[in-house]
Participant: 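Right, I'll just put the structure down here and ask away after.
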Amino acid sequence: MLLTLACGSLFFPGLFALCTWGLRRARPAWTDSDCVMITTRLVSSVQAVLATGSGIVIIRSCNDVITDRSLGETLATSLLAVSSRQN
């Protein structure tokens, strides 16, 4: 889980920086705010596509999305167990 978080923390800012750099080189007449606006929309679109894809994978791999658990999840790591401890 932490590896996925670390990869995402590097991937999306890296994609933003790479696209901003590329747009500034490809379109020198554009202002910085134009490049940042287009890059922000591009990175948001990539994030939305990846989130949709992961949601589809989860839905297709579960019989019942509400009660099914992943392979590594146990009652100790479940959000259900955490919320029942707080009550």
Participant: Run the side-chain contact (heavy atoms from CB on, under 4.5 Å) test against R41 and tell me which residues pass, sequence neighbours left out.
Facilitator: M37

Participant: For L42 and C19, work out which heavy atoms get closest and say how close.
Facilitator: CD2-SG, 3.2 Å

Participant: Members other than F12 in its cluster, when Ile, Leu, Val, Met, Phe, Trp, Tyr link by side-chain heavy atoms under 4.5 Å?
Facilitator: F11, L15, F16, V36, V43, V46, L50

Participant: side-chain contact (heavy atoms from CB on, under 4.5 Å) with L3: which residues, sequence neighbours excluded?
Facilitator: C7

Participant: When clusters are formed from ILVMFWY side-chain contacts under 4.5 Å, directly or step by step, what else is grouped with V57?
Facilitator: none

Participant: List the residues meeting side-chain contact (heavy atoms from CB on, under 4.5 Å) with T31, not counting sequence neighbours, and say none if there are none.
Facilitator: S33, D34

Participant: Which hydrophobic side chains are connected to I58, either touching it within the sub-4.5 Å cutoff or through other members that do?
Facilitator: none

Participant: What are the two closest heavy atoms between G8 and P13, and how far apart are they?
Facilitator: O-CD, 3.9 Å

Participant: Provide the full list of salt bridge (Lys or Arg N to Asp or Glu O under 4.0 Å) pairs with a residue in residues 16-32, sequence neighbours left out, each pair given once.
Facilitator: R24-D32

Participant: Nearest 0.5 angstrom please: S9 OG to L2 CG, how far?
Facilitator: 10.0 Å

Participant: Please give the remaining members of the hydrophobic cluster of W21, linking ILVMFWY side chains under 4.5 Å, ordered by chain and number.
Facilitator: L18

Participant: Roughly how far apart are L23 CG and T39 OG1, rounded to 0.5 Å?
Facilitator: 4.5 Å

